[in-house]
Every structure is written in structure tokens, then in C-alpha cells.
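In this text, all values refer to a predicted model and were calculated from it rather than measured experimentally. Here is how names work: the chains are called A, B, and so on, in the same order as the sequence lines, proteins then strands, and each is numbered from 1. When reading the values below, keep in mind they use all heavy atoms of this one structure, side chains included, and skip hydrogens, waters and symmetry mates.
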Amino acid sequence: MTIRPGFSSIIKAESQQEWESALQEIEKTGICGLKLLSTGQDPLSHEIRHISIALPNKSVYIADCQELGMDILGDLAGLLENRRIRKVLFDAKTALAFIRASVNRKLNACNIFDLMLASQICWSGYYYLTPSHSPKNPWKKSIPDHSLAALAERHLGIILDKEKSDMNADFAAANLSPCLIECIASESAVLLPLHDILAELLAKNDLQKIADLEFRAVSSLAEMEISGIYLDCDQAKRIVEEEENEICNLVWTVHDEARKKGFVTVSHDGKRLCYYLNPDRQEDVMAFLKSRGYGVTSTKAEVLRGLAAAGCAFAEAVLRYRYVSHLLAFLNNWLSHVHAKDGRIHPQYFQIPSSTGRISSKKPNAQQIPRAGDDATAIRRLFLPAVGKRFVKADFSAIELRIMAFLSGDRAMQEAFRDGVDLHRLTACKISGADMNQVTDQQRQAAKIMNFLLIYGGSAKTLQWRVLSDYGRFMSLDEAEEAKTRFFQTYEGVRVWQERQLQEMSYTVPHYFHNCIQGYFFMPLTCTRTALGRRRVWPRFGAGVRASKFQMYNTPCQGTGADLIKLVMCEVYDKISSEDARIIGSIHDEILLEVPEERAEEYARMLQEIMERIGSELLHPVPVKVEVKVRTTLAE
DNA sequence: GGAAGCCGCGCG
DNA sequence: ACCGCGCGGCTTCC
């Protein structure tokens, strides 16, 4: 037994009895801090080795799973599912994934408090300005550190020994060294004090609802990571080969094209002499285009598309090169992440790194599977459900517009949705003055762009540019201005809402923070809120740095969308997810399930019902519609 | 040789 | 003067 600040005693549970008395004590106190030590990072191939439990009386229990037998993992699962006991963790998603993998069944975890998520929620959007050494942008935004060590230091003034607590340390070693034990105990001991502070902070900022939502959503994110998704690797490799061929040819085409026109690509950067035009290098591409008399200042796709339309074969080849090389990179990235255990790919999901509240994904990014183009369809066909399973895909239809209708309370929009009117068509008809059923496809396309652009503060100029680059249709600036004016006449409520958001930009609300020196304190900050009360704040440094009006328009919409999909994920996890029906993807406004073939239609209906009900509740009185499909690949 | 900035891309 | 994300490639700086 060692005495240290932070914890009063370390108790090594060495017998079943001691472990059980620990469980009984938790039952009495109703709250505990929980920390797992595993043999590695990956829930699929590594396992939990030690369990550390902190109690309010500052004692820390440490149990060795190998010593006490794997049964205690079952007890652990039971603890997580016990609604009377609050479990305080740091990075609950990883812990849940490990526990789920080790007991090999679905967990109905509840009453979880994740310190990492709590901290991220409280600081959402906040950033510091740090000097950067770039001359162009002298200040760099950096977001607060939400690691456990950072939280302990910020709120408690306790410096945790980072080196030793690093997860990479050989926890697999049979026995923990006394020094390591102490280190683990210190880490566990900060959990409960941090809980008290962050829970209070959530309350002060009226963020409890959001926190509860996020804590509940952890289970479904863990499930998505564990489930992963299957990719037909053999077929994927064949496509990679084909595309590598095409890339080679394209590079030659591009280069020949340039040669033929007399362009000698020799870039002298001091060290290197380059004889080939490198299509990956904007400088080369730009130089060639300039030499051909195209006065371009960027090599963006939209610019190149313009040139290609005017008959520039070179621009076309560069575009094709970029498209193919992107797809190639995509496939290679996914292929490099195939897991040896199950042959599936397990993207990582992050719950709130984004300031609006959206989920993001990495390694590989499951939220940017190619969609546009024929080759993209071929790639989507590589994603397959397991044998005997089907994909159920459901996506919210026109959700951003519905959210805007809800937030702004705009009458025309709300009525249109209530009556089931196609909003793009309605906009087209209001702009052109045509009758609802006379609207041409072209008009509807332009209206679609308007709907998405103008609600986020887009200008007539960008409207003109987008119509041109997306549909190759020229629209005069006057025409675009006129359309914009009519748009805001039609949706007066949206205009008023935008004005209010603009004013909010200069108003401030008190937002609470905490640190170990000042205790609780507030700062007056710019702040937006979503339908569920999620906040994004902007710090105010002197005069210059503030939210942009675009962010003020966009954040409540995107954030409400995030609230909605997370509400859905929670309910889907509770009501649908089972051993063989799983949620395997969540792409902003879309949910992807993998379910047994014979019950696919049934699950599809359940999913649709859940999404429409929860959506319509959140956005009341705006109804929410969901399109749901049963598929044998990811392609449409 | 690695970190960081920038551009361009594509998902929503 | 359109928001959010991550990624790959190139360049520059240390």
C-alpha cells in the first residue's frame, strides 16, 4: 500500500473474494472510475489485461484478468450494463470495444460518463492562436488538448507521468512493476475528481442533454468499428492494376501532349532537373497552360473543365489523371487496412472532433467512398455484405433544408414540407415564375444549387460559378442577382433568420470554463446552438478574429444534422442491433446496416420508422422523410 | 528525414 | 468571400 496525493490506497485484488468485495463497494457508492489496460491497441487482436477501478474514497482497485480468470470480464460487462452505477471513463469507445470483443456479445452499456467527450463538448469550437512560422499566416489556430494528462493538469493541477502511462508500454508483461502500478493508480484516481468538475461544467453551460446523447452514442460507434466492412480484395486488386495501367498511359499522354506543343519541362529548383511534366505539380500544369496562352491562376478542376470544354485536350487528360489517381489512392488505402483477423476493414470513428458536432472517420475514411462517375460505381460494387446478409441503406431526404425550415421557421418552406412539395421545384418555380409542373430539369438543377448555396450565405458570383461548373450552363451575373433576390423574397423567414445569426455574431453569451487556478469562470463568447442545444463557441481575441457569417449560418444546420443522426444511432443500437444485425456506417445523413437477408425488408422498415419518427420529433412541425433501400453492394 | 503548410479533391 | 471533414502530393523549413 502506497500513499500518494490523488489516491489513498492501491488495492491489488488478488483473489475472487477481493474482486467481489470491490464490486460490492461500487454497488454501494453508485459511481466508479474505470480504466482498462490491454495488451495492445486493437480490440480485435489484443485483449484486456488489467482492470483498474477508482472509488470515491480514493482507493484504487487493480485486478489482473489472467490471475483472476476471464470471468471477471463478464462482471465488468455487467458493471457497464448496471444502470444504477455511473462509470467514468476516458475514451469509452475503446473500452467498450475491448469489453465487447472479450465477452463476444452485444453490450447494453448505460450510465457512462466519458471525460474526453465531456471536455470536447465544453470546448467545442474554442481555439488558441499560436504563432506559426509561416509568413503568409502568422497565427495558427490550435485546439485545446483533450488528453487525460491535459485534463488532469488543467483542472486538477496534477501532472501525470506521460511516458510511463503511454499505452504502448509493455502492459503485456506478466506482472506490473510497482512503478507502473502507481502510475496506473494515479491515472485512475483523477477520473472521479475530473468527473465532478466536467459534470458541473456541462450543467453550467446547459449541455447535459448533448452530453447524455454523446455518451449513449458511444456504443454504436464502438459497434461500427468492431464490425467493419467487407471489401472484395481480389476484385479491388484487379481494378488497381487496370488503373495503374491507365495512369501510366495518362502520364504519357499528358507529357506527349505537352511535348508536341513544344513545351520543354525543365524545372530548375536548384537540385533537380525534371524532363517530364508532372501532372501532380500545379506549377508544371500551370506553366504549360500559360505557355499555351490560357491565362489561368489556378489548376482547380472547375477551371480545367472550362478549358476542356473549349477543346483543350491537355486539360482533359489532367482531369482524368487526377480522377483516376484519386480512385487508385483510395483503393490502395483501403487495401492497406484489411484486418488479418476477419478480412474486413475497420475504419476508426471520432465522435466530436469537428466543431459542428459531426462524426468523422479515418484510416481509412469511411465517409468519403467515391460516388461520382462510372469508376466510382465500380468501386462501390466492391463493398459487399457478408454471406447471407444484405445492406440496408437509409438516408434523410433534403435534411439540411428541412433543418433550415425548422430553425428559421420560414413559412413557405415549412408549408412546402408539410404538403410534401418538392422544394427544389418550388424554388425553381418561384424564381422563374413558371408553373409548378412546367419547371424544366434545367431550372430545377439551378434551383437545387440555389437552395444549398444561398442558405449558407453564398453570393450571386458563386451561384453563377457553380451553375457553370456543375452543369456547364452559363448564367449572367444579373440573372444570378435576380435569382438571389427572388429566393429571399420567397423565403423571407430565412432572410430574417440570417440577419439574426449575423447579430448573434457580435453578441456574446457567458460560457463557462474551469481550470485549477481560477476554478469556474466564464468568458463572453460568440456562440451558436443547435436544435438539441449543442454549442459551438468562438473566442474573441481583440477585434479581428471572429466567427464568419458563413459559419454562423452553417453551424446550427450542420450541428442539428449531427444531433439527429446521433439520436438515430442510439435508438438503432438499442432497438435493432443484435448479434447478426449491425450498424456498420454513419455518413452524416445516412445510416448503413448489415442484416440477415431474410429479415432485410423488416429491418429496412424499422430503420425508416425510427429515422422518420426521431427526425420529425426533433424538427417538429417539419416532417422528415427517409429513403431506404436493401442492397447487395454499396452501389445504388 | 520528418513536421508543417498549402493545394486540390471528394464525401456530406 | 460556402460550411465541415480527411487524404495525398508537393514544397519548405528545421
Side-chain angles (χ1 to χ4, degrees), chain A residues 124-125 130 132-142 267 269-272 274 278-286 297-305 318-319 321-334 336-337 347-373 375-376 379-380 395-396 398-400 403-404 449-463 465-466 498 501 528 536 547-562 565 585-591 634:
Chain A
S124 175
T130 50
S132 95
H133 302 292
S134 148
K136 201 173 167 186
N137 242 357
W139 296 100
K140 201 184 66 175
K141 285 180 190 176
S142 64
S267 42
D269 51 0
K271 303 154 208 130
R272 208 159 49 90
C274 183
N278 179 352
D280 277 325
R281 211 173 162 231
Q282 303 117 268
E283 221 180 305
D284 281 11
V285 173
M286 198 117 71
T297 51
S298 144
T299 67
K300 275 210 252 290
E302 44 200 29
V303 176
L304 296 187
R305 265 201 293 276
V318 171
L319 280 173
Y321 168 84
R322 284 189 188 162
Y323 177 65
V324 177
S325 71
H326 175 254
L327 295 185
L328 190 58
F330 172 87
L331 283 179
N332 281 327
N333 187 12
W334 278 73
S336 75
H337 282 99
Q348 290 177 259
Y349 290 91
F350 301 88
Q351 216 166 314
I352 3 189
S354 100
S355 32
T356 54
R358 272 188 176 179
I359 294 170
S360 79
S361 164
K362 263 201 288 207
K363 290 186 189 174
N365 184 344
Q367 295 179 324
Q368 47 160 195
I369 299 173
R371 190 178 277 281
D375 307 38
I379 286 180
R380 288 204 160 222
D395 63 305
F396 288 113
I399 197 65
E400 282 128 314
I403 291 172
M404 182 49 81
I449 294 180
M450 280 173 219
N451 281 338
F452 286 117
L453 218 55
L454 297 180
I455 59 169
Y456 297 135
S459 65
K461 186 87 197 143
T462 55
L463 179 58
W465 189 236
R466 270 297 283 273
Q498 289 191 344
Q501 287 303 105
T528 57
R536 174 181 182 178
S548 74
K549 71 170 191 179
F550 309 111
Q551 291 173 327
M552 296 301 289
Y553 298 163
N554 182 276
T555 304
C557 280
Q558 218 183 88
T560 300
I565 199 99
S586 163
I587 310 128
H588 309 312
D589 67 346
E590 181 183 322
I591 297 275
L634 258 200

Check: Should S459(A) be listed as having a side-chain N or O under 4.0 Å from OP1 or OP2 of dA1(C)?
Finding: no
Notebook entry, point to check: Just by distance, do the side chain of T528(A) and the backbone of P556(A) share a donor-acceptor pair under 3.5 Å?
Noted result: no
Next item on the list: Grab the CD1-P distance between I455(A) and dG4(C) for me, whole Å please.
Entry: 15 Å
Notebook entry, point to check: Of the candidate nucleotides dG12(B), dG8(C), dG8(B), which contains the atom at the shortest distance from the side chain of K300(A)?
Noted result: dG8(B)
Notebook entry, point to check: With respect to the phosphate group of dC3(C), does any side-chain polar atom (N or O) of R536(A) fall under 4.0 Å of OP1 or OP2?
Noted result: no
Item checked: dG12(B) OP1/OP2 closer than 4.0 Å to side-chain N/O of R371(A) -> yes
Item checked: Any pair counted as salt bridge (Lys or Arg N to Asp or Glu O under 4.0 Å), so long as it reaches residues 349-373 of chain A, sequence neighbours left out -> R371(A)-E590(A), R371(A)-E636(A)
Notebook entry, point to check: Nearest to the side chain of N554(A) - dC3(C), dG6(C), dG12(B)?
Noted result: dC3(C)
Margin query: Over all strands shown, is I369(A) touching base, sugar-phosphate only, or nothing at heavy-atom distances under 4.0 angstrom?
Written below: sugar-phosphate
Checklist line | N/O donor-acceptor pair under 3.5 Å between T555(A) side chain and M552(A) backbone | finding: no
Note to self: Expressed as a whole number of angstroms, how long is the span from L331(A):CG to dC9(B):P?
What the structure shows: 19 Å
Item checked: S586(A) backbone acceptor or donor facing Q367(A) side chain under 3.5 Å -> yes
Check: Does S355(A) use its side chain to pair, donor to acceptor, with the backbone of S124(A) at less than 3.5 Å?
Finding: no
Next item on the list: May I have the distance from H588(A) (atom NE2) to dG12(B) (atom P), rounded to whole angstrom?
Entry: 8 Å
Check: What does T299(A) touch in the nucleic acid at a heavy-atom separation under 4.0 angstrom: a base, only the sugar-phosphate, or nothing?
Finding: sugar-phosphate
Check: Taking atom P of dC3(C) as reference, at what distance in whole Å does atom CG of L454(A) sit?
Finding: 14 Å
Notebook entry, point to check: Is A301(A) touching bases, backbone alone, or none of the nucleic acid, heavy atoms closer than 4.0 Å?
Noted result: sugar-phosphate
Margin query: Whole angstroms only, please: what is the CG-C1' distance between L304(A) and dC7(B)?
Written below: 13 Å
Next item on the list: Please work out if S355(A) contacts a base, only the sugar-phosphate, or nothing of the nucleic acid, heavy-atom cut-off 4.0 Å.
Entry: sugar-phosphate
Note to self: Can you identify which nucleotide, out of dG8(C), dG4(C), dG12(B), has its nearest atom closest to the Q551(A) side chain?
What the structure shows: dG4(C)
Note to self: Regarding K549(A), tell me which of base, sugar-phosphate or nothing describes its non-hydrogen contacts under 4.0 Å with the strands shown.
What the structure shows: nothing
Notebook entry, point to check: Among dC7(C), dC11(B), dC10(C), which nucleotide sits nearest the side chain of D280(A)?
Noted result: dC10(C)
Next item on the list: Taking only the side-chain heavy atoms of T356(A) (C-beta and beyond), determine which of dC3(C), dG4(C), dG10(B) contains the nearest atom.
Entry: dG4(C)
Check: Base, sugar-phosphate alone, or nothing: which one does P370(A) contact when heavy atoms must sit under 4.0 Å apart?
Finding: sugar-phosphate
Notebook entry, point to check: Counting only side-chain N and O atoms of N365(A), is one of them less than 4.0 Å from OP1 or OP2 of dC11(B)?
Noted result: no
Notebook entry, point to check: Given atom CD of Q368(A) and atom P of dG4(C), what is their separation to the nearest angstrom?
Noted result: 17 Å
Notebook entry, point to check: Do the side chain of Q558(A) and the base of dC3(C) come within less than 3.5 angstrom through a donor-acceptor pair of N or O atoms?
Noted result: yes
Check: Just how far, in rounded Å, is P of dC5(C) from CD1 of I352(A)?
Finding: 13 Å
Note to self: Show the nearest heavy-atom pair for residues G373(A) and Y323(A), with the distance to one decimal.
What the structure shows: CA-OH, 3.4 Å
Notebook entry, point to check: dC11(B) C1' sits how many Å from I359(A) CD1, rounded?
Noted result: 15 Å
Checklist line | Options dG8(C), dC7(C), dA1(C), nucleotide nearest the side-chain atoms of A329(A) | finding: dG8(C)
